[in-house]
Amino acid sequence: MKAEVLKGHLDGLLLASLEAGPRHGYAVIEALRSGSGGEFDLPTGTVYPALRRLERTGLLRSAWTTVGGRKRRTYELTAAGVRALAEERSSWQRFSTAMSSMLAGAPWPATT
Amino acid sequence: MAGDHLTAPDPDDDAAEVVRGYLAAVAAALIGPQPWRADVLAELRDGLDDAITDHADGGMQPAAAARAAVAEFGDPYRVAAGFAGEAAARVARRVAVTLLATGPLVAVSWLAAFAASGAPMWQGRLSGVWVLMPVIGLVLAVAVPAALLAVVATGRAERWLSSGSRLASRAAALAAGLCAGGDVLMLVVFSLWLVTTTSGVLWPVAVWAMVVSGLRLVLASRAARHCAAVGAQAA
């Protein structure tokens with residue numbers, strides 16, 4: 001699925017990918033890919049800048065850590081990020097319920 | 001060394017060369033402050049190492065794994081372009097915060113210089129070169145809100161703005177340009193006063209204000225051009 005299709009939902013996806021705990025950038029890309037059964041194969045040039053934007057806007061925090069002798073930058077949710085994720089979820093639930101009812105093939109109200 | 005050309009190339013060297021070449025291409029196209037660019041490249045390097053490990057675990061030779069990893073990361077120019085909005089936001093925020101933080105120092109320096117040079121700041125009406133002073137008020141009335149807008153648009157409010165980084169770049173460029181213009185005006189007005197006044201002037205205070213304002217003029221001019229250039233790339 002192309003990144004453009006996910007525009008508007010990228011922040012929610014990134015926040016959700018970090019809900020279970022801190023991850024580094026490539027692990028976020030892999031988590032989105034595997035968690036979506038390969039549907040969300042987002043490009044590097046989209047995910048890494050978006051993680052930094054979410055950090056700048058206070059929804060994530062990051063730290064350089066050394067793991068197995070390698071320095072890596074890991075991201076995790078802030079309290080504001082947890083709240084933003086809950087809002088994204090709630091908004092998505094409403095949107096998806098409305099879309100499902102529209103696309104389910106059920107009869108539409110008769111026109112007057 | 002005579003036998004070197006007979007030695008088979010080390011596959012790890014080939015892999016490292018592939019990664020180096022890719023990161024060099026990203027670095028060449030990446031805009032923004034140098035420490036931030038170095039940080040981005042270090043993060044990409046770490047991600048590439050992960051991708052190479054994944055491909056090598058799948059049975060690829062190191063050089064092939066490195067080529068597969070850079071292919072997976074995509075066109076280096078597109079990767080660098082992906083960071084343009086973030087670079088613009090960071091530059092705009094830094095410029096705006098610096099202007100807001102240093103503005104009071106410049107203002108206090110000028111007020112001290114006026115007080116120390118017998119300048120008739122207000123005697124019921126403005127006369128001579130001092131009639132230009134209301135322009136400074138106008139500059140501040142636009143520059144300060146513009147700088148504040150740049151700070152707000154690159155903070156949490158960015159979530160609700162469709163193009164916060166572009167807006168912030170323009171606002172910061174405007175604020176910096178106005179501050180530079182204000183400095184020019186102050187330097188001209190004060191210099192004219194100094195060459196025409198017969199009052200006693202406390203020169204260290206006057207020179208201090210002119211140096212501070214002159215320095216801010218140079219830096220704000222550069223910042224305005226930089227914000228505009230980086231913001232244009234983020235567009």
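This is a predicted model, so every value here is computed, not measured. Lettering of chains follows the sequences in order, A, B, ..., and the numbering in each one begins at 1.
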Can you tell me which of G25(A), G45(A), A27(A), A80(A) forms the most heavy-atom pairs within a distance under 4.5 Å of chain B? G45(A)
What I want to find out is whether K71(A) reaches E43(B) closely enough, with some N-O distance under 4.0 Å, to be called a salt bridge. no
R70(A) side chain to D46(B) main-chain N or O, any donor-acceptor pair under 3.5 Å? yes
Would you check if the side chain of R56(A) reaches a backbone N or O of R90(B) as a donor-acceptor pair within less than 3.5 Å? no
Just say parallel, tilted or perpendicular for the rings of Y26(A) and F73(B), cut-offs at 30° and 60°. parallel
Are D50(B) and R72(A) within salt-bridge range, i.e. N to O under 4.0 Å? yes
How long is the span from the CD1 atom in I29(A) to the CD atom in E72(B), to the nearest 0.5 Å? 7.5 Å
Heavy-atom pairs under 4.5 Å with chain A are the metric here; pick the option from D54(B), L44(B), L48(B) that has the most. D54(B)
Side chain, backbone, both or neither: which part of A84(A) has an atom under 4.5 Å from a heavy atom of chain B? both
Given heavy-atom pairs under 4.5 angstrom as the criterion, report whether the side chain, backbone, both or neither of D39(B) touches chain A. both
A42(B), part contacting chain A, at a heavy-atom distance under 4.5 Å: both
Can you say whether T154(B) sits under 4.5 Å from chain A via the side chain, the backbone, both, or neither, judging by heavy atoms? both
Chain B heavy atoms under 4.5 Å from L59(A): which part of the residue, side chain, backbone, both or neither? side chain
Give, as side chain, backbone, both or neither, the part of A87(B) having an atom under 4.5 angstrom from any heavy atom of chain A. neither
Side chain, backbone, both or neither: which part of V26(B) has an atom under 4.5 Å from a heavy atom of chain A? neither
Heavy atoms of other groups near W36(B) CH2, more than 12 under 6.0 Å: yes
Are R52(A) and F83(B) close enough, and set up right, to give a side-chain contact (heavy atoms from CB on, under 4.5 Å), and what steps lead you there? CA-CA 9 Å; R52(A) 285 176 176 259; F83(B) 283 96; 3.9 Å; yes
